[in-house]
Amino acid sequence: MNLSKQTIPALTIALLFAASAAIAQNPRFEELDGDGDGYISKTEARALPCLSDAFDQIDKQSEKGLSRSEYGSAVQQHCSKSGGESDWPQS
């Protein structure tokens, strides 16, 4: 494969935009953990409808709320949509 000097920067920029879009699709854990206790409560989860809808089935092991790892798994399983849509309100 022979890439020109102009193609490599263009591909790099395209990859950066794609990565940014994937990251921005759903909020970071810290954005939902409003009280900073290290868990996302049922009340805090209301900001992300896909998470709120499945909260009870996700948080079976803890009364504190979703841990960081539970949140990551839950977002992947319950909040990933085709077409780049997200339940996270855009500002």
Side-chain angles (χ1 to χ4, degrees):
M1 181 185 229
N2 187 9
L3 300 176
S4 72
K5 290 181 181 180
Q6 294 171 337
T7 304
I8 293 173
L11 287 174
T12 302
I13 291 169
L15 287 172
L16 289 173
F17 277 115
S20 295
I23 291 168
Q25 187 174 26
N26 289 301
R28 293 185 347 261
F29 180 86
E30 294 81 6
E31 292 177 287
L32 290 180
D33 183 18
D35 60 8
D37 69 350
Y39 293 91
I40 296 173
S41 69
K42 193 169 191 170
T43 302
E44 292 167 331
R46 288 184 194 151
L48 188 59
C50 59
L51 188 62
S52 181
D53 292 346
F55 191 89
D56 289 332
Q57 84 181 73
I58 298 165
D59 190 38
K60 293 179 181 176
Q61 299 177 3
S62 168
E63 293 181 11
K64 296 178 184 178
L66 302 180
S67 67
R68 183 179 300 276
S69 62
E70 288 174 319
Y71 171 72
S73 297
V75 166
Q76 257 187 337
Q77 185 175 2
H78 298 282
C79 300
S80 297
K81 296 180 179 180
S82 60
E85 297 175 35
S86 172
D87 283 339
W88 182 242
Q90 300 299 315
S91 51

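Heavy atoms only: backbone and side chains are in, while hydrogens, waters and symmetry mates are out.
Nearest approach of G65 to E70, heavy atoms of both residues: O-OE1, 3.5 Å. Nearest heavy-atom pair across S52 and A45 is CB-O, 3.5 Å. Nearest approach of G38 to F29, heavy atoms of both residues: O-CZ, 3.3 Å. Contact detail for L51 and I58: the closest heavy-atom pair is CD1-CD1, 3.9 Å.
Note: L48 CG to F55 CZ = 11.5 Å, rounded to the nearest 0.5 Å. Note that OH of Y71 and SG of C79 are 7.0 Å apart. Values are rounded to the nearest 0.5 Å. Distance CG/D35 to CD1/I40: 10.0 Å, rounded to 0.5 Å.
The side-chain contact (heavy atoms from CB on, under 4.5 Å) check on E30 picks up R28, R68, with sequence neighbours excluded.
Panel note: side chain E44, backbone S41; a donor-acceptor pair is recorded below 3.5 Å.
Salt bridge D56/K42: present, at least one basic N to carboxylate O contact under 4.0 Å.
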